[in-house]
Amino acid sequence: MSTQPRNYITGEYAVGTTCFSVIDNSRKEILGGGNGNRRMAVRMYYPTDKEAVKGNEKAEIFSENKRKAVQKAFHVKRFDPSMNVADYYENAPIVADERFPLILFNHGYNSFVEANTYLCCDLASHGYVIASIGHAYEAVENDYEDGSFDLYDKSINKKMYTSVVGAVLAQNKLLKKQLSYEEALAQFDVFQNKYTPFMKTRIKEWAKDVICVLETVKQKYEASLDLTNGVGISGHSFGGCVAYYLCRYYEGFTCAVNIDGALFGDYPDSMMEKPFCQISCKENVNVETRTLLHTNAPTYQVVFDRLKHLGFTDLKFWAPMPMLVGKLDADEMHENLSYCHYTFFDKYLKGQDKELTGLGTEGITYRVVKGVS
């Protein structure tokens, strides 16, 4: 079993990491028993000079609390110590006298901040500052600066679907149908309104989480950020849905990537006016067509044939069960997912003359949906 992708740090920089907490004093927490104000855990990934970390020990990915929670949530019986080491360095100095574009990243529902560590590290090595956000009680586990932590609020499971059986049957039927993009969008809207109204309510709350973190990051890293072309955002699953929502409605976000996130939410007839990249596993395309239809901006679609939904995360490396992550080679997944991100963001955040044409990997289709400028 491969526990790390080959050469997942492909840029010119080494990668530093640090964690902090953000509290939104304008909102009371309604999950996890409703104690205190809403808070977010943040892990930063950023470029550091290779000479500055030479000889330093690499940082661990998981706290003990997170390791236990992740093992339980994803049914990982054996946890190899090598799974807990990434090619990044705790509290290493960010590269001095340079400025880098900022990307915000959101995990999926009941996932965790470090679920896409390899992707975030590779992006940082290519000259980006990445803020990965943990959403309280909706992540498997979050660690905070004061030493406290929280776990996923299991009471959410009773709110998530109006009928679990009905939702599973309807979802399976929707995913397997041969539909036009327009038909798929219409049928998905019927599905979400009938079975998942709770998920629609959480989109705006996660968006508020992200905006609160964004303002904090801009203050903390002001001297190191290049916001000339705005801010990018990406996310997996529900985090990808939130990325779409924020890019569509918040002025500060210039472009976004959705990694296999069903497009929950109500959207008026207005169109997306910013560049967008939709990444999907083949079986989930029918719940992700909104991004391909309601747009006036450059839009890309990348479809992975031999991948499952969780295969877009680091789970692909340390729990490679085909039922959960698909049969695509883990290194090929990482290489393509990372390529999609840095090529897309290099174009729209750094202004480089690049196009998302693909790496020629069998079973991964790249196409332009709307004109590219």
Side-chain angles (χ1 to χ4, degrees), residues 5 74 107-109 111 115-116 118-119 167-192 195-196 199 234-241 243-244 256-264 272 276-295 298-317 319-341 343-344 355-370:
F74 295 102
H107 61 71
Y109 217 83
S111 186
N116 282 89
Y118 300 145
L119 170 63
V168 169
L169 293 174
Q171 177 177 281
N172 288 340
K173 187 176 180 181
L174 172 58
L175 294 178
K176 291 177 181 178
K177 286 184 177 180
Q178 295 292 322
L179 300 170
S180 68
Y181 288 164
E182 292 83 0
E183 291 169 335
L185 176 56
Q187 292 192 28
F188 175 70
D189 278 343
V190 171
F191 166 82
Q192 68 162 338
Y195 292 109
T196 60
M199 298 305 293
S234 179
H236 174 245
S237 196
F238 194 72
C241 171
Y244 175 78
V257 179
N258 173 16
I259 310 172
D260 211 34
L263 273 297
F264 293 103
M272 173 67 85
F276 198 85
C277 179
Q278 175 62 53
I279 300 172
S280 307
C281 65
K282 187 175 182 179
E283 67 182 11
N284 283 343
V285 168
N286 280 354
V287 297
E288 298 163 358
T289 62
R290 187 184 302 277
T291 63
L292 311 174
L293 293 170
H294 292 178
T295 179
T299 304
Y300 305 82
Q301 182 189 36
V302 184
V303 180
F304 288 66
D305 283 3
R306 294 173 288 136
L307 206 64
K308 296 284 188 179
H309 182 64
L310 290 176
F312 286 109
T313 71
D314 295 351
L315 192 69
K316 182 71 176 167
F317 296 95
M321 297 170 281
M323 279 186 60
L324 293 178
V325 300
K327 296 181 179 180
L328 179 67
D329 177 77
D331 290 309
E332 290 183 334
M333 179 283 293
H334 171 75
E335 289 165 3
N336 280 270
L337 184 62
S338 187
Y339 162 81
C340 287
H341 277 76
T343 303
F344 178 78
E355 295 301 344
L356 201 60
T357 55
L359 297 175
T361 306
E362 183 180 355
I364 303 177
T365 305
Y366 289 75
R367 78 183 189 96
V368 175
V369 178
K370 286 284 184 181

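Quantities reported herein were computed from a predicted structural model and do not represent experimental measurements. Because only heavy atoms are used, hydrogens play no part in the values below, and waters and symmetry mates are left out as well, while side chains stay in.
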What are the two closest heavy atoms between P5 and D331, and how far apart are they? CA-OD1, 3.0 Å
Checking F191 now: which residues fulfil ring-ring contact (aromatic ring centres under 6.0 Å, His included) with it, not counting sequence neighbours? Y195
May I ask you to decide whether D189 forms a salt bridge with R290, counting only side-chain N to carboxylate O separations under 4.0 Å? yes
d(E182 CD, L292 CG) to nearest 0.5 Å is 10.0 Å
How far apart are the C-alpha atoms of V287 and F264, what are their side-chain angles, what is the distance that settles it, and do they pass the side-chain contact (heavy atoms from CB on, under 4.5 Å) test? CA-CA 9 Å; V287 297; F264 293 103; over 6 Å; no
Keeping T313 on the side-chain end and L310 on the backbone end, is there a donor-acceptor pair under 3.5 Å? yes
Would a distance-only check, ignoring hydrogens and angles, find a side-chain to backbone donor-acceptor pair under 3.5 Å from K316 to L307? no
Y244: partners by ring-ring contact (aromatic ring centres under 6.0 Å, His included), with sequence neighbours left out: Y267, F276
Under the side-chain contact (heavy atoms from CB on, under 4.5 Å) criterion, do V302 and N336 qualify, and how do the steps go? CA-CA 9 Å; V302 184; N336 280 270; over 6 Å; no
Test side-chain contact (heavy atoms from CB on, under 4.5 Å) on T357 and Y339 and set out the steps. CA-CA 10 Å; T357 55; Y339 162 81; 3.6 Å; yes
Taking only residues two or more places apart in sequence, or in another chain, which ones meet H309 in a side-chain hydrogen bond (donor to acceptor under 3.5 Å, both in side chains)? S237, D260
Derivation and outcome, salt bridge (Lys or Arg N to Asp or Glu O under 4.0 Å), residues E283 and K308: CA-CA 8 Å; E283 67 182 11; K308 296 284 188 179; 3.3 Å; yes
Over 60° means perpendicular and under 30° means parallel, so tell me whether H236 and F312 are parallel, tilted or perpendicular. tilted
Distance, nearest 0.5 Å, that separates CD of Q187 from NZ of K173: 8.0 Å
Measure from the side-chain N and O atoms of R367 to the backbone N and O of V303, and report whether any donor-acceptor pair falls under 3.5 Å. no
OG1-CE distance between T291 and M272, expressed to the nearest 0.5 angstrom: 8.0 Å
Indicate yes or no for a side-chain donor-acceptor contact from S180 to the backbone of E183 under 3.5 Å, with no hydrogens or angles considered. yes
Applying side-chain contact (heavy atoms from CB on, under 4.5 Å) to L175 and Q171, what does each step give before you reach the verdict? CA-CA 6 Å; L175 294 178; Q171 177 177 281; 3.9 Å; yes
Taking the six-membered ring for Trp, are the ring centroids of Y366 and Y300 within less than 6.0 Å of each other? no
Restricting to non-hydrogen atoms, name the atom on C241 and the atom on A262 that form the minimum distance, rounded to 0.1 Å. CB-O, 3.4 Å
Nearest 0.5 Å, please: how far is CG in D305 from CD in E362? 9.0 Å
Checking E288 against Y181 for the side chain to side chain donor-acceptor pair (under 3.5 Å) test, could you report, in this order, the C-alpha distance in whole Å, the side-chain angles of both residues, the deciding distance, and whether it holds? CA-CA 9 Å; E288 298 163 358; Y181 288 164; over 6 Å; no
Is the side chain of S338 donor-acceptor paired with the backbone N or O of H334 at a distance under 3.5 Å, no angle test? no
Atom pair CG/CG of L263 and N258 - distance to nearest 0.5 Å: 5.5 Å
Carefully, step by step, assess S280 and Q278 under the rule side chain to side chain donor-acceptor pair (under 3.5 Å). CA-CA 6 Å; S280 307; Q278 175 62 53; 3.2 Å; yes
Mind checking the CG-CZ spacing from L324 to F74? Nearest 0.5 Å is all I need. 9.0 Å
Note: E332 and L328 closest approach over all heavy atoms is OE1-CD1, 3.5 Å
Mark yes or no for whether N286, through its side chain, and K177, through its backbone, hold a donor-acceptor pair below 3.5 Å. yes
Checking N116 side chain against L119 main chain: does a donor-acceptor pair fall under 3.5 Å? no
